[in-house]
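Only heavy atoms go into these numbers, but all of them, side chains included; no hydrogens, no water, no symmetry mates.
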Amino acid sequence: MSEAHYNHRFIEHKWQQTWRESKLYQVDNSSDKPGYYVLDMFPYPSGAGLHVGHPLGYIASDIVSRYKRQNGFNVLHPMGYDAFGLPAEQYAIQTGKHPADTTNENIDRYRKQMDRIGFSFDWSREVRTCDPSYYKWTQWIFKQLFNHWYNATSNKAEHIDNLVAIFENEGNVNVRHEGGEVQNFIAEEWLSYSPSEKEDILQQYRLAFIQETTVNWCEELGTVLANEEVKDGRSERGGYPVIKKAMKQWFLRITAYAQRLLDGLDTIDWSDSIKEIQRNWIGRSQGASVHFPIAKDPDQNSLEIFTTRPDTIFGASFMVVAPEHEWIDRLITDEQREKASAYVEWAKNRSERERMSDVKNVTGAFTGSYCIHPFTGKQIPIWTADYVLGGYGTGAVMAVPAHDSRDHAFAKQFGLDIVQVISNDEANVQEASFDTKEGTCINSDFLNGLSVQQAIHAIIKRIEEKKIGKAQINYKLRDAGFGRQRYWGEPIPVVYKNGLPTLIKDNELPLTLPQVESYKPTGTGESPLAAIDEWVKLEDGVRETDTMPGWAGSSWYFLRYMDPQNDEVLASQDAINYWGQVDFYLGGAEHATGHLLYSRFWNKFLHDIGVLPFDEPFKKLVNQGMIQGESHFIKVYRTLDKSQNIRRVIHSDENKFEPGVFHSFGGEELIIPLEASQHYDLVRVANDDVSNLKSKRLYKYDYDLLSTKELKIYFWTNEISHIEWLVDENGEQYIDLNWFSEKMSKSKHNVVNPDDICEEYGADTLRLYEMFLGPLEDAKPWSISGIDGVYRFLKKTWKLFIDKEGTYVPVSGDADKKSLKTLHATIKKVTEDIGRISLNTCVSTFMIAVNEFTEQKCTNKEVLEQFLILLSPFAPHIAEELWEKGGQTNSIALASWPEFDEKHLVEDSKKYPISINGKTRMMLELSLSLSKDEVEQEVLNNGDVQKWLDGQTPKKVIVVPGRIVNLVV
RNA sequence: GCGGGUGUGGUGAAAUUGGUAGACACGCUAGACUUAGGAUCUAGUGCUUAACCGCGUGAAGGUUCGAGUCCUUUCACCCGCACCA
């Protein structure tokens, strides 16, 4: 009964089970075949389950995997879960359920959803970052980071013991490192230091270290967040306010790798936009650091600044230090104390958010102190202003208002001198700064007459001779905060003995999470682990109670898939050598500065310490675009009491709120005073309801909108006073249902579950349809309309093989010339298109092929089976079923990709488009064996052409053999 | 402000080195077959027009026999960074 018609439910269930039982997609770490590693960014298993946007990338990578397998590669195509993280813990706090339990439930759901789509994952290699057998190695990597320092001479990480040996022999004078500032000392001094003093010094070298810094503290989440987890002064998850707070934190010294992270980008095949984002984030700038002696005390103290334009040093008319500058109190003189200190206090207390949203107002104060210009000897005033950032460079700048727009604005505001030092005919530097690095130096003593580039070299040389500074490179990249005051993360394998951090032994790994009573943050900034005395307190010390951030486990998971059960090492050398780098990595572009940068950092470190032979983790990266949801809304009016403040729940950006403008719910509660007595709002309608609607008009007699009993409309009902009804041709009242695209999420009630599509149309249809939507990398709205076309295509494909009685039709024999042409055109196009990840055009090509085969009434088994192989990476279930029906006993997944043969495409004639003055006027079929001149003659002698020429003689005839003929008159 | 990207029918989109713009689908319009169904099949469908002509790839110029594609200017939208000295 399942035979005659295409029955996706039966077929897909059957093959998913068969593949699972035969372990079809399991791969070995050794093979005669070359290895090929196809990786998806593994998901965080949230409670909402997968929506149709998630599988987009998995489908594309599955197609590539299956294609590579059929092309003779041994393909590693694993999947796992990024299972530590905040949402599970937030849920635990609300419900008291252990995050491990909810995480496992979510994982089970994800797995079921993925299984229905027919992926060729090798599930025997699954990893979960929250599994102790996995995070044992995350902890192990942390230990290595703690035990290594970055040697700037050898330009790689080296063991800390080597460093200590150097200190014991010769002190640190010859050691160049990437890390904190350290005073010089000699061997005898080192040997005389106490253990605690020694550790303080080593902390400046270690790649994992503790530091007191201002961190992004989120009160609501009770934790510290990384820079990229903060958006516009709020937490990315939840939209809660984030403030600056001083705390002791674990950090990883990613800045040591800044240059290599930059250089490595040139060696990998990633999109330009992601590379650019990373370059931007690393933010390299080349310049010089210069010391400006302080006038009060020129011999003792000097203010160090960083500039990329040392050539403009003669134009420096004042200095600016950040309000957070460590010397700010010393710089402020008694006369200026009142004003300047008040400014510093005000600036320090401004939130990041205020500061960012208020970049146009120029603020600052004079400290009262002066510097001595190292070249002119003139005294120049030192100001403080918050346009200079404490965290960048030295937190101080030399201000050159003539050639820096920010300095210019400041000089204008406070009436400071503007001295032009780069010539420029066009503009007046008193009016606007001239920032461009072009021109000739003037008013600059020995630099006069030099170009900007020449002057930069000359002045740096002079600065270095005078020993007042040096050429320097700065990076925006900051060291990565590595501690989270949360329960649901990897425990940091550190015990404090006499206050000094020490690593636990390898044989004590993994250090597992203990059971806790409450998952709530303590609120003091300590993790819930701190409350468990029996876990924290040891005979010889106390445990670190911070856990690792979410990105720890995901920074190396691609390595564990290579050898997931290994208990001796994170992955065996054999496995690592066989698989090597990830050949093809697919995932969202939103991880550009997080996961993708941290993974590269860890990979480089592991390379330095000899674990990995390669320096970059992901050879080729493709970013799939987001599938947006379709959100529906209706317009409702509200009448409000003017005096009343309306409590409303809106999304994170309150600036966007205006009466009558669409806004979404969830997030923070805000009170917005309203001027208008009446206005309308756009109100969501859940998609479940929309799918049942027959029209986009909601009639009053159908729905009791005010009570929302009929429609699940999400809004604050008691605030709605009336709906302005429209009236249709028949006098019936209705309201329009509108829609637009936005991110798919549970809170927006616009999620489409792939299970529903699989149930109704099948996984093969879902797979084809998601690819058919458009280019993989583009963002696109999800729309169900159009899926029928793909479903029809599969039914047509089925009918090529199975007739109405359920009989298998194709027979072996010599194939029709036309069918061979169709087949080989398809082989050519699909092979090329998979190669450039143009999967949408592959689907079109399949449709064209099936249309042609149907027209040709093609029943040739060899031709149709070759076609099935081409289709199988996209629609594996139907391909496998029809393959089996043809008597094949091995899975189609193991078949060889068809070979393209040019000879089937060779034509002896071509329908030439004949254009006159570039306009196509007619078609003319001509033999391809004709020479250019013969074609020209044929065309000119043709009666229809003569008609078009209307007696005129063409001035010129262009013949492109096999393509086009153009007549110029 | 800086960086990256995108603009093509009613819709999603094709168009390989400049060579028939709109493939393939959705939708729509007719029609066929039907125990009238959201099934299947046939024909049509960029705009304009009765038809021919004409006009058409965000806009304006340019190169070329020929431009969606190359060059210049410009507009709109999306994404990322944002006082980084």
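- Taking the six-membered ring for Trp and thresholds of 30 and 60 degrees, Phe900(A) and His824(A) have ring planes inclined between 30 and 60 degrees apart.
- Leu265(A) has its side chain within reach of Arg600(A): a pair of non-hydrogen atoms, C-beta onward, lies under 4.5 Å apart.
- Looking at which nucleotide of RNA chain B each of Tyr761(A) and Gly395(A) is closest to, the 5′-most match is held by Tyr761(A).
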What does nucleotides 6-29 of chain B look like as a protein-contact string, B for base, S for sugar-phosphate only, - for none, at under 4.0 angstrom between heavy atoms? ------BSSSBB-BBS-BBSS---

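- Glu852(A) is linked by a side-chain hydrogen bond (donor to acceptor under 3.5 Å, both in side chains) to Thr822(A), counting only residues two or more places apart in sequence or in another chain.
- Only the C1' atoms considered, A85(B) is 37 Å distant from G7(B), to the nearest whole Å.
- With rounding to whole Å, Asp407(A) atom CG is found 7 Å from A85(B) atom C1'.
- Here G1(B) presents its C1' atom at 17 Å from OH of Tyr387(A), a figure rounded to the nearest Å.
- Classification of the Phe375(A)-His373(A) ring pair by plane angle, with boundaries at 30° and 60°, yields perpendicular.
- The aromatic rings of Tyr6(A) and Tyr791(A) are tilted relative to each other, their planes meeting at an angle between 30° and 60°.
- G5(B) atom C1' lies 12 Å from atom CG of Asn623(A), rounded to whole Å.
- A59(B) and C75(B) are spaced 7 Å apart, taking the C1' atom of each and rounding to whole Å.
- G19(B) and U73(B) have their P atoms separated by 25 Å, with the value rounded to a whole Å.
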Expected output check: what is the dot-bracket annotation of RNA chain B, where ( ) and [ ] are pairs inside the strand (brackets for crossing ones), | is paired with another strand, and pairs are Watson-Crick or G-U under 3.5 Å? (((((((..(((......[....)))((((((.......))))))((......))..(((((..]....))))))))))))....

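- Ring geometry for Tyr343(A) versus Trp346(A): interplanar angle of 30 to 60°, hence tilted.
- When the P atom of G80(B) is taken as reference, atom CG of Asn280(A) falls 13 Å away, rounded to whole Å.
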Decide yes or no on salt bridge (Lys or Arg N to Asp or Glu O under 4.0 Å) for Glu832(A) and Lys828(A), but give the supporting numbers first. CA-CA 6 Å; Glu832(A) 281 170 5; Lys828(A) 183 167 193 267; 3.7 Å; yes

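- If you measure from atom CD of Glu590(A) to atom C1' of G5(B), you get 16 Å, rounded to the nearest angstrom.
- Put simply, OH on Tyr6(A) is 17 Å from C1' on A39(B), counting in whole angstrom units.
- Lys795(A) comes within 4.0 angstrom of the backbone, heavy atoms only, and of no base.
- Rounded to a whole angstrom, the distance from the C1' atom of A13(B) to that of G68(B) is 14 Å.
- G3(B) and U8(B) have their P atoms separated by 25 Å, given to the nearest Å.
- Atom CZ of Phe793(A) and atom P of C41(B) are 14 Å apart (whole Å).
- A donor and an acceptor atom, one from each side chain of Thr255(A) and Tyr475(A), are nowhere located under 3.5 Å apart.
- In this entry the distance linking NZ of Lys476(A) with P of G80(B) reads 15 Å, nearest Å.
- Relative orientation of the Phe793(A) and Phe846(A) rings is parallel, given thresholds of 30° and 60° on the angle between their planes.
- For G58(B), the base is anti relative to its sugar; the glycosidic angle deviates from 0 by more than 90°.
- Between U49(B) and U40(B), the two P atoms lie 34 Å apart (nearest whole Å).
- Taking 4.5 Å as the limit, some side-chain heavy atom of Ser271(A) sits within range of a side-chain heavy atom of Asn623(A).
- U69(B) and U63(B) have their C1' atoms separated by 14 Å, given to the nearest Å.
- Straight-line distance between the P atoms of C79(B) and A39(B): roughly 38 Å, to the nearest whole Å.
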